[in-house]
Amino acid sequence: MAAFPTVQDLAAAKTDAVMALWKGLGYYSRARNLHKTAQIIAEERAGQLPQNAADWATLPGIGPYTAAAISSICFDEAVPVVDGNVQRVVSRLFDIEDAVDRKKGKAAVETACLALIDARDPGKSNQAWMELGALVCAPRSPRCSECPVAEGCLARQRGTVSDRPVKQPKKAPQAVDVVFAVHLQTGAEGAQQWWVERRPESGIWSQLEAFPCTMDMRPKGAEKAPDTASESPERFGPVAHILTHRKMTAWFEVVASPAPPCDGGRWVDVKEGTANWPRLIDKVLPALRDWIGKK
DNA sequence: AACACGGGGCC
DNA sequence: GGCCCAGTGTT
């Protein structure tokens with residue numbers, strides 16, 4: 001607000017300036033979308049803000065939650081603001097058995113919310129329900145004795161508070177075997193170097209650098225690495241690494257074949273050289289250097 | 001519907 | 001130190 005007090009200021013700002021202020025907050029696409037939205041409002045809408053939730057939701061970065069929050073708080077529109085807190089409060093109040101992150105359960109929460117909005121001040125009402133979830137109707141150890149609506153809470157009457165909200169069971173991360181090919185050479189100055197390639201634009205580790213690698217999904221249910229992939233004098237590993245949806249097991253194999261010359265690849269000093277590594281590689285680098293040194 | 005984004009809170 | 005959280009956009 002200090003740097004860009006008006007929509008016009010934000011619209012006129014350089015992307016770098018916006019990103020610099022956002023630094024450290026995460027979710028950088030939000031800053032880009034905010035900037036884009038300011039430009040749309042300033043340049044295509046003559047500086048006029050949308051006046052209702054449906055119109056707000058057409059702008060980049062504004063989804064149902066933000067559209068409802070802005071419209072109810074700023075324009076007194078009686079639309080429910082459904083965030084994680086409200087999902088919890090409402091699913092307990094009405095003891096909703098459907099998963100709140102599925103269509104049916106979402107709709108049930110939304111419908112119940114409509115009955116909860118105080119039309120005298122929709123913005124305050126929405127903020128109150130969110131705050132109730134944040135401070136009283138906590139995920140664990142909710143303070144039911146301090147809750148102003150405990151009397152009418154169905155989950156409390158039925159003893160299902162700790163079972164609400166129901167969420168769709170998330171599927172187990174898939175097991176993946178990764179074999180990195182470590183090509184080595186002795187550089188012009190006599191330093192040992194390894195071959196590093198830029199990752200593709202999309203998919204895992206995009207924008208980063210890594211050793212060339214193959215990735216094999218393990219058959220469903222297979223937890224242990226197949227014997228053929230297990231430890232051998234030729235490869236360093238196994239290295240376990242967990243991502244949001246993948247459970248990786250990695251090996252690093254020094255290969256005899258010459259490094260594949262390609263655009264976006266380069267030789268990096270094993271000792272000093274740095275690259276934009278994925279965390280998986282970053283964390284094993286010291287041990288990997290050690291292992292190569294002993295070979 | 002599944003997944004990525006990136007920090008912070010919590011155990 | 002690892003696990004989970006939660007809106008939005010993309011696939």
Side-chain angles (χ1 to χ4, degrees), chain A residues 15 18-40 50 53-73 79-92 98-107 109-110 113 126-127 129-135 137-143 162-176 199-208 210 215 217 220 239-250 276-280 282-284 286-287:
Chain A
T15 303
V18 177
M19 299 313 289
L21 287 167
W22 198 267
K23 200 163 67 180
L25 296 179
Y27 282 116
Y28 295 94
S29 64
R30 288 178 173 178
R32 276 187 285 274
N33 282 332
L34 192 60
H35 193 204
K36 219 178 301 167
T37 283
Q39 291 174 334
I40 291 171
D55 198 10
W56 270 108
T58 66
L59 294 168
I62 313 287
Y65 165 79
T66 309
I70 295 171
S71 305
S72 68
I73 295 170
V79 282
V81 173
V82 185
D83 71 347
N85 293 310
V86 172
Q87 282 185 342
R88 188 168 54 252
V89 171
V90 170
S91 65
R92 285 173 175 170
D98 294 302
V100 297
D101 49 0
R102 302 289 292 266
K103 237 181 169 174
K104 194 175 168 198
K106 223 186 260 280
V109 170
E110 191 104 354
C113 278
N126 279 327
Q127 292 181 75
W129 288 112
M130 287 191 279
E131 202 69 353
L132 184 66
L135 300 182
C137 195
R140 274 163 301 202
S141 341
R143 308 161 181 267
S162 60
D163 302 326
R164 304 286 178 265
V166 173
K167 294 208 175 166
Q168 143 157 343
K170 46 194 113 192
K171 67 172 195 181
Q174 176 156 27
V176 182
R199 295 286 307 172
E201 292 282 324
S202 64
I204 190 166
W205 301 326
S206 64
Q207 325 293 343
L208 304 181
M215 247 180 253
M217 304 288 179
K220 255 203 162 95
V239 176
H241 186 71
I242 308 273
L243 291 86
T244 313
H245 298 97
R246 280 185 254 269
K247 195 172 174 178
M248 305 188 107
T249 308
N276 196 10
W277 305 106
R279 206 167 62 82
L280 161 61
D282 216 21
K283 75 180 180 186
V284 301

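As the structure is a prediction and not an experimental result, all values here were calculated from the model.
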* Asked: Which of the following nucleotides, C:dG7, B:dG7, C:dG9, is nearest to the side chain of A:Asn33?
  -> C:dG9
* Rounded distance (nearest 0.5 Å) linking atom CE of A:Met19 with atom CG of A:Leu25 -> 10.0 Å
* Please check if any side-chain donor atom of A:Asn33 sits under 3.5 Å from a side-chain acceptor atom of A:Arg30, or the reverse. => no
* Asked: Distance from A:Arg164 atom CZ to A:Arg92 atom CZ, nearest 0.5 Å?
  -> 10.0 Å
* Asked: Given atom CH2 of A:Trp56 and atom P of C:dG7, what is their separation to the nearest angstrom?
  -> 19 Å
* When you check the phosphate oxygens OP1 and OP2 of C:dT8, does a side-chain N or O of A:Thr66 lie under 4.0 Å from one of them? -> yes
* Nearest-nucleotide comparison on DNA chain B, the residue closer to the 5′ end among A:Arg32 and A:Gln168 -> A:Gln168
* Heavy atoms, side chains only, cut-off 4.5 Å: are A:Gln39 and A:His35 in contact? -> yes
* Distance below 4.0 Å between A:Arg102 side-chain N/O and B:dA1 OP1 or OP2 -> yes
Table please: side-chain donor-acceptor pairs of residues 59-73 of chain A below 3.5 Å, with sequence neighbours left out.
residue, atom, partner, partner atom, Å
A:Ser71, OG, A:Ala53, N, 3.0
A:Ser71, OG, A:Ala67, O, 2.7
A:Ser72, OG, A:Ala68, O, 2.9
A:Ser72, OG, A:Ala69, O, 3.4
A:Ser72, OG, A:Asn126, ND2, 3.0

* Asked: With a 4.0 Å cut-off on heavy atoms, is A:Leu34 in touch with a base, just the backbone sugar-phosphate, or nothing at all?
  -> nothing
* For residues A:Val86 and A:Cys113, determine if any side-chain heavy atom of one lies less than 4.5 Å from a side-chain heavy atom of the other. => yes
* **For atom OH of A:Tyr65 and atom C1' of C:dT8, their distance in whole Å** => 13 Å
* Could I get the full list of salt bridge (Lys or Arg N to Asp or Glu O under 4.0 Å) partners for A:Asp101, not counting sequence neighbours? => none
* Structure fact -> Taken in chain and number order and not counting sequence neighbours, the residues that satisfy salt bridge (Lys or Arg N to Asp or Glu O under 4.0 Å) with A:Lys104 are A:Asp98
* To do: Give, ordered by number, those residues of residues 18-27 of chain A having at least one heavy-atom distance below 4.0 Å to an atom of DNA chain B; if nothing qualifies, reply none.
  => A:Gly24, A:Gly26, A:Tyr27
* Asked: When the distance from NZ of A:Lys103 to C1' of B:dA1 is rounded to whole Å, what number comes out?
  -> 11 Å
* Structure fact -> Of A:Ser29 and A:Lys36, the one whose nearest nucleotide on DNA chain C sits closer to the 5' end is A:Ser29
Could you list all N or O pairs between the protein and nucleotides 2-5 of chain C that sit under 3.5 Å apart?
residue, atom, partner, partner atom, Å
C:dC5, OP2, A:Lys170, NZ, 2.8

* **Closest to the A:Asp83 side chain, choosing from B:dG7, C:dG7, C:dG9** => C:dG7
* Between P of B:dC5 and OH of A:Tyr28, the distance in whole Å -> 13 Å
* Ignoring the backbone of A:Pro64, work out which of C:dT8, B:dG7, C:dG7 is nearest its side chain. => C:dT8
* To do: Taking all heavy atoms of A:Trp22 and all of A:Tyr27, pick out the closest pair and write down the distance.
  => NE1-O, 3.5 Å
Show each protein N/O and nucleotides 9-11 of chain B N/O combination with a separation under 3.5 Å, one pair to a line.
none

* Side chain to side chain, A:Val82 and A:Val109, heavy atoms closer than 4.5 Å -> yes
* Structure fact -> Taken to the nearest 0.5 Å, the spacing of A:Ser29 OG from A:Lys36 NZ works out to 8.5 Å
* **Length of the line joining A:Arg30:CZ and B:dA4:P, which is rounded to integer Å** => 17 Å
* Shortest non-hydrogen separation from A:Pro50 to A:Asp55 and the atoms involved -> CB-OD2, 3.6 Å
